[in-house]
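A quick write-up on the structure given underneath.
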Amino acid sequence: MTPLLKGTVVLVQKNSLHFNAHSAAQKFGGFIESVIDAPDDIDDSILDTVDSFLSNSVALRLISASNSNENGQGKVGKQTFLEGVLTSIPTLEDKQTAFNILFEWDHNMGIPGAFYIENFKQDEFFLVSLTLEDVPKHGNLNFVCNSWVYNVEKYKTDRIFFTNKTYIPNETPFPLVYYIHEELKTLRGDGTGERQVWERIYDYDVYNDLGEPDKDDTLARPTLGGSSTLPYPRRGRTGRKPTEKDPKSESRSGYFYIPRDELLGHVESSDFLVDVFKLVSQNVIPQIRSVDQPEFNTFEDVLSLFYGESSNFSVPKVIQVDHSAWMTDEEFAREMIAGVNPNVIEKLSEFPPESKVDRQLYGDNTTTITKEQLEANMDGVNVEQAIQNNRLYILDHYDSLFPFLRKINATGAKAYATRTILFLQDDGTLKPLAIELSIPHPKGDIFGPVSKVYLPATEGVEASIWLLAKAYVVVNDSCYHQLISHWLHTHAVVEPFIIATKRHLSVVHPIHKLLLPHYRNTMNINAGARNTLISAAGIIESTYLLGKYTMEMSAVVYKDWVFTQAGLPTDLIKRGVAVEDPSSPYGLRLLIEDYPYAVDGLEIWAAIKSWVEEYVNFYYKSDATIVHDSQLQAFWKEVVEVGHGDLKNATWWFKMQTRAELIEACSILIWIASTLHASVNFGQYPYGGYIVNRPTKSRRFMPEEGSPEYEELAKDYEKAYLSTITPKNETLLNMTVMEVLSTHVSDEQYLGHRIEGDLWTSDSQPIEAYKRFGSKLAEIEKKLIERNNDETLRNRYGPVKMPYTILYPSSEAGLTFRGIPNSISI
Ligand SMILES: *[C@@H]1O[C@H](CO)[C@@H](O)[C@H](O)[C@H]1NC(C)=O
Ligand SMILES: *[C@@H]1O[C@H](CO)[C@@H](O)[C@H](O)[C@H]1NC(C)=O
Ligand SMILES: *[C@@H]1O[C@H](CO)[C@@H](O)[C@H](O)[C@H]1NC(C)=O
Ligand SMILES: *[C@@H]1O[C@H](CO)[C@@H](O)[C@H](O)[C@H]1NC(C)=O
Ligand SMILES: *[C@@H]1O[C@H](CO)[C@@H](O)[C@H](O)[C@H]1NC(C)=O
Ligand SMILES: *[C@@H]1O[C@H](CO)[C@@H](O)[C@H](O)[C@H]1NC(C)=O
Ligand SMILES: CC(=O)N[C@H]1CO[C@H](CO)[C@@H](O)[C@@H]1O
Ligand SMILES: [Fe+2]
């Protein structure tokens, strides 16, 4: 009799994963729930029973990792069906079902390394794992699958899964090589055809699907990516038909494809976020458009959104302790180093500050701020001394905005390009010294900007003018934050790495395993964003200053993106806020010592880097092994030449010839996907939920002395302020989206934790190193808590008394203002 190998298959039935948008909306409560009356889309009639998995409907064939057939391919065992349901498995999670299976497998088959699976049922299921017990000469074998398996007829090639062993290409058991190559070929596809729901193909395309030219001419948008004027990272290819009006644009009609396993197999997962956005855009936007909302007249009106009877928005942290502390200069400055956009401020290393705005096109680019204006508030220090002593900083929103101002003005918005200069005081806090607001010259660009400088004031109409000047700065900062710091510099730049990984690094490759948790749900959320947030007339265009030029501006800024400078230490040095210093803990010294984002971030950066270093050095014993890793080289070549192909001529790309380069590249990527994204994402509602603190738009210019608006400002500054910033209707929309974006879902995976537990690899050293990484993060969290209790560190809580908790690695579900997910999942 042939010996039998006993196995356990764990899967999740399709119907147990149904969720409905209404329950998704309920999770968020508040405004969303009140406006969305979603249909209940559970259909009980299609109940898929456990028995339907038996009776020869799901078959597996084991494949040997050690013994080959005459073609050198691992031997394939006999087709075997699921046998029966196992009920007493303690490790089973909610909704999962386990089946036993018995494979005939004799000694000349060797040790299994992969298996084929065929689903003859009509319905797909989510395959979680296969475990083989007591494999002779080996012991237990685990296959971690986490993949949707559709009816066999849907696939051109057999569905295959590999054990959790980890191999670089040169060390992969020869019998598996053929199967690994075939699977990568399947995942790459052939670059043609319209993608279908069940497919798993990863390919690239440009951003040519944001507009809808067939609907209306005003909804046409230029293609982003593929040109030197509007370069962009690539998105996942969907292959939809071109639009009729513009053959270069892809139509948005109907279904938008995401490789199937990018939609997670978990009920609570963020799949539903996409649906929430859809509901928001289908229900909230039209509602807001149709209702003629009265304006807010007082700050009290805005506060009633949180404290009134008529609404359920949660109270944003920035006003939880004090309703007016946001107005102070100290808080205004503090939010540049501990707010939702903490990585733009730079050291001012010369005066006047350098500008890259082209004089030929836009005239004189020099600031009109004078030394005397600055020195008035510098405690007796002069500008030269202050520059010498690293005490002057700038929030420079001039260069990237100025070239767009005329276009923005034409849309009716009234915006300025802004420069804010700040002084580092003896107590470690920053103080704004001057704000310059610039608009294009009425006679033409070549005449240079018309600029005006505003100085701090605490009394009379001057104080109201100063408050408005700060608002114009924040308007600029809000747009930069959402479009650049958040969307472009995290969401958009990571997508090409995901695609290249799936196309070239097999699931048994160590770098695939390292990066996988940091890709979770990103293609899904990005596709959702392209569909409803950043699309023509979508939520971002509707609520931000730049209107239809929004995405174009992000393309222009992408020209200056430098992957190799996106890690924290390099970024701090580039912005001049830190200097290299071998005697300091992380090899650099912060010039603003109490810089919460940088202080906390450096600890997390160091933990990530040391984990990656240990992991990479375990699999690669020399630089030569990097050069000879054909999958790794193909992956990197495609990231540089295709995924980020519009920047391929840049000289800064790593050549990927050494372990040091691989370690740095993976650390940067993990940093972007986890900590950088968390730092700019989860503070959106806590800081921006109170719109007066972070307005997204300006509708009027600064009032001129003698005008009725000036009179209004003098008489009732709250009303004047509110009629200048984002209108009420758009505020409600913005708050709704921010509340969703700032919320952790209940099955979020945080840094240092993996969904597969210890099963993600069979190598014990990496598992141990990963556990140390997890403990290190827990230690860091304790340290950050202590720091937030240290009252001498004033920038950590500020006048609003809102401790900087955003980089605590762990969190509960909900709107918590803490927690670093592994990936850009929202
Ligand atoms: C909000 O209302 C203003 C007028 O107060 C209007 O111009 C604007 O288009 C509205 N916004 C949206 C998104 O409907
Ligand atoms: C706010 O919540 C309460 C109770 O949860 C509910 O009765 C009320 O209708 C909600 N109001 C709005 C405007 O959503
Ligand atoms: C900006 O202006 C300065 C002089 O004020 C000039 O030296 C510099 O070349 C200008 N920059 C550009 C890009 O034109
Ligand atoms: C801005 O637009 C208004 C009309 O909306 C126009 O009168 C004004 O001249 C424009 N300003 C500039 C600087 O283009
Ligand atoms: C890169 O440089 C080559 C040669 O100079 C040029 O032909 C090509 O257009 C450039 N590509 C990009 C994307 O800038
Ligand atoms: C809403 O506005 C805030 C600023 O008040 C901004 O930071 C945030 O990114 C905006 N979010 C959305 C989704 O519009
Ligand atoms: C709309 C807007 O205000 N955007 C500008 C804000 O400042 C940044 C940084 O200079 C620019 O990139 C944006 O264009
Ligand atoms: Fe995000």
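Residue numbers start at 1 and run along the sequence shown. We count ligands from 1, going down the list as the structure has it; atoms in each ligand are counted the same way.
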N, O or S from N681 under 2.8 Å to the Fe ion (ligand 8):
yes

Nitrogen or oxygen of N649 less than 3.5 angstrom from that of ligand 5:
yes

Does I826 bring an N, O or S atom to under 2.8 Å of the Fe ion (ligand 8)?
yes

Heavy-atom protein contact below 4.0 Å for atom 4 (C) of ligand 5
no

Angle class for the Y597/Y595 ring planes (parallel below 30°, perpendicular above 60°, tilted otherwise)?
tilted

Which residue holds the protein heavy atom closest to atom 13 (C) of ligand 5, what is that atom called, and what is the gap in Å?
G645 O, 3.7 Å

From the options R530, R195, R240, select the one residue that forms a salt bridge (charged side-chain N to carboxylate O under 4.0 Å, His left out) with E250.
R240

Parallel, tilted or perpendicular: which fits the ring planes of H644 and W653, with parallel below 30° and perpendicular above 60°?
tilted

Protein non-hydrogen atoms only, distance under 4.0 Å: does atom 11 (N) of ligand 5 have such a neighbour?
yes

Please confirm whether the backbone N or O of D209 pairs with a side-chain atom of R252, one donor and one acceptor, at under 3.5 Å?
yes

The N/O/S atom of H486 lying closest to the Fe ion (ligand 8) is NE2

Is a donor on one side and an acceptor on the other found under 3.5 Å between the side chain of S554 and the backbone of M551?
yes

Check the orientation of Y207 and Y232. Use parallel for under 30°, tilted for 30 to 60°, and perpendicular for over 60°.
perpendicular

